[in-house]
Asks: 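Handing you this structure, nothing more for now.
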Amino acid sequence: MEKITLIGCGNLGKSILAGLLASELFSKDQITVVDKSKTNLSFVKDHYKIPVEDEIEPAVKNVKWIIVCVQPKQIDAVLQKLKGIITEDQVVISTVTGVAIAEIEAVLPNQKVVRVMPNTGAAKQLSMTCMAANAAATPALPMISKIFDTIGKTLVIEERLIQAATVLGASGIAFFLRFLRAMIQGGIQMGFHPEEAQLIAVQTAIGAATLVSENGTHPEMEIDKVTTPQGCTIAGLNEMEHQGLSSSVIKGVMASYEKINTIKS
Ligand SMILES: NC(=O)c1ccc[n+]([C@@H]2O[C@H](COP(=O)([O-])OP(=O)(O)OC[C@H]3O[C@@H](n4cnc5c(N)ncnc54)[C@H](OP(=O)(O)O)[C@@H]3O)[C@@H](O)[C@H]2O)c1
C-alpha cells in the first residue's frame, strides 16, 4: 500500500494529519511526519502514535505522497533536500501559499506536482481546498482529492485560478467573520448580551450556509423564503443594499485579488 509523508506539521499539518487518521485512508504505519520543531514531533508521537522523523531523507523513502506544509520562506530548503533523493513516480503536494508549480518544477524537473489551497476551516475538517496539478500529476488528482476530502471539500481548478481561490476561500474566512461580527454588534444594540448575540448570529450563519449547501439552491431562493412583502426582512435587506452591501463586498474581494496578484505570481 502507498505511503504518505507530511513535511511540516504546524497548524495546517496537524489538521491534515487529524483528517487522514479519522478517515482511515492510511493506517498509522503508512503515515510519517517530519518537522524541524521538536515540540510538534513530540506532540504527534505522543498524541497520534505515528512514526516521526527530524530529517527529510528517511521520511520520503518509498513514499508515494509527499505533502509539503511549511511556510513560504521555508520551501526552498525543503525542495533542495528533496532534489536528488526523490524519484519521478513520487507526488509532491504543496500547500505553500504563493509558490507556483513552475517554481517547484524549476528545482524538481519532471516531478509530479500538485498545488493545494486549503483554508483554516481545516482545523474542524471544514476546509474548502482548491487544487491544481501539472500534467504529470493530473492522473493522481482523484487520490489527492480523497486525501483532502478528509479535511473538508475539494475542487480541482486550473492553476491560473489559485490566487482567486485564495481570496474567495482562504481570505473568505475573514470576510464572512467580519460580516458575522457586524451581525453580533447589531444584536447587542437591540438588547442581547454579547454571548447571546454571538450564539444567535453564529447558529444562524451555520443554518444559512447549510440550507444553500444541502439544498443546492441559490442564496436568493432561500432569501425569498424569509422575505414577506412589506416585512422586516426586506426592509433590512434593502437598507443594506442602499448602503452598498453587495457592492462593497464585491469591491473588497476584487481589492484583495488585485493585492494578491502584486504579492507573488
Ligand atoms: N493554516 C492554514 O489553514 C493554511 C491555509 C492555506 C495555506 N496554508 C499554507 O500552508 C503552509 C503551512 O502553514 P502552517 O500554518 O501549518 O505553518 P506552521 O504552523 O508554521 O507550520 C510549518 C511547520 O513546518 C516546519 N518546518 C519548517 N521547515 C521545515 C523543514 N525543512 N523540514 C521539516 N519541517 C519544517 C516548521 O518548523 P519551525 O516552526 O521550527 O520552523 C513548522 O513546524 C504555509 O505555507 C501556509 O501559507 C495554510
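Whatever order the structure lists ligands and atoms in, that order sets their numbers, starting from 1.
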Asks: Quick one: which ligand 1 atoms are inside 4.0 Å of a heavy atom on T120?
Replies: 3 (O)
Asks: Please work out which of T95, T39, N119 has its closest non-hydrogen atom nearest to atom 8 (N) of ligand 1.
Replies: T95
Asks: Counting only heavy atoms on the protein side, is anything nearer than 4.0 Å to atom 24 (O) of ligand 1?
Replies: yes
Asks: Look up atom CD in Q163 and atom NZ in K259, then write down how far apart they are to the nearest 0.5 Å.
Replies: 13.0 Å
Asks: Could you tell me whether V78 approaches ligand 1 through its side chain, its backbone, both or neither, with non-hydrogen atoms closer than 4.0 Å?
Replies: side chain
Asks: Grouping I, L, V, M, F, W and Y whenever their side-chain heavy atoms are under 4.5 Å apart, do I101 and I66 come out in a common cluster?
Replies: yes
Asks: Please determine if R115 and E159 form a salt bridge, counting it only when a charged side-chain N lies under 4.0 Å from a carboxylate O.
Replies: yes
Asks: Closer than 4.0 Å to some heavy atom of C69 - which atoms of ligand 1 meet that?
Replies: 12 (C), 22 (C), 24 (O)
Asks: Pairs of donor and acceptor atoms involving the side chains of residues 202-214, under 3.5 Å and at least two apart or interchain, shall be tabulated with distances.
Replies:
unit_1, atom_1, unit_2, atom_2, d
T204, OG1, I200, O, 2.5
T210, OG1, I206, O, 2.6

Asks: What atoms of ligand 1 come within less than 4.0 Å of a heavy atom belonging to M117?
Replies: 6 (C)
Asks: Does at least one non-hydrogen atom of A122 fall below 4.0 angstrom from an atom of ligand 1?
Replies: no
Asks: Which option out of Q71, K73, Q80, K81 puts a heavy atom nearest to atom 20 (O) of ligand 1?
Replies: Q71
Asks: Testing L82, I93, I67 for side-chain contact (heavy atoms from CB on, under 4.5 Å) with I7, which one passes?
Replies: L82
Asks: Is L12 in polar range of ligand 1, meaning some N or O pair under 3.5 Å apart?
Replies: yes
Asks: For ligand 1, which atoms have a heavy atom of T97 less than 4.0 angstrom away?
Replies: 7 (C), 8 (N), 9 (C), 45 (O), 46 (C), 47 (O)
Asks: Evaluate V70 for polar contact with ligand 1, using N/O atom pairs at a separation under 3.5 Å.
Replies: yes
Asks: In Å, rounded to the nearest 0.5 Å, how long is the span from CD1 of I157 to SG of C130?
Replies: 4.5 Å
Asks: Give a yes/no verdict on a cation-pi contact between K14 and F43, requiring under 6.0 Å between NZ or CZ and the six-membered ring centre and an angle within 45° of the axis.
Replies: yes
Asks: If you draw a 6.0 Å radius around CZ in F192, do more than 12 non-hydrogen atoms from other residues or ligands fall strictly inside?
Replies: no
Asks: Should you measure from each heavy atom of N40, which atoms of ligand 1 turn up under 4.0 Å away?
Replies: 43 (O)
Asks: How does P118 reach ligand 1, if at all, at less than 4.0 Å between non-hydrogen atoms: by side chain, backbone, both, or neither?
Replies: both
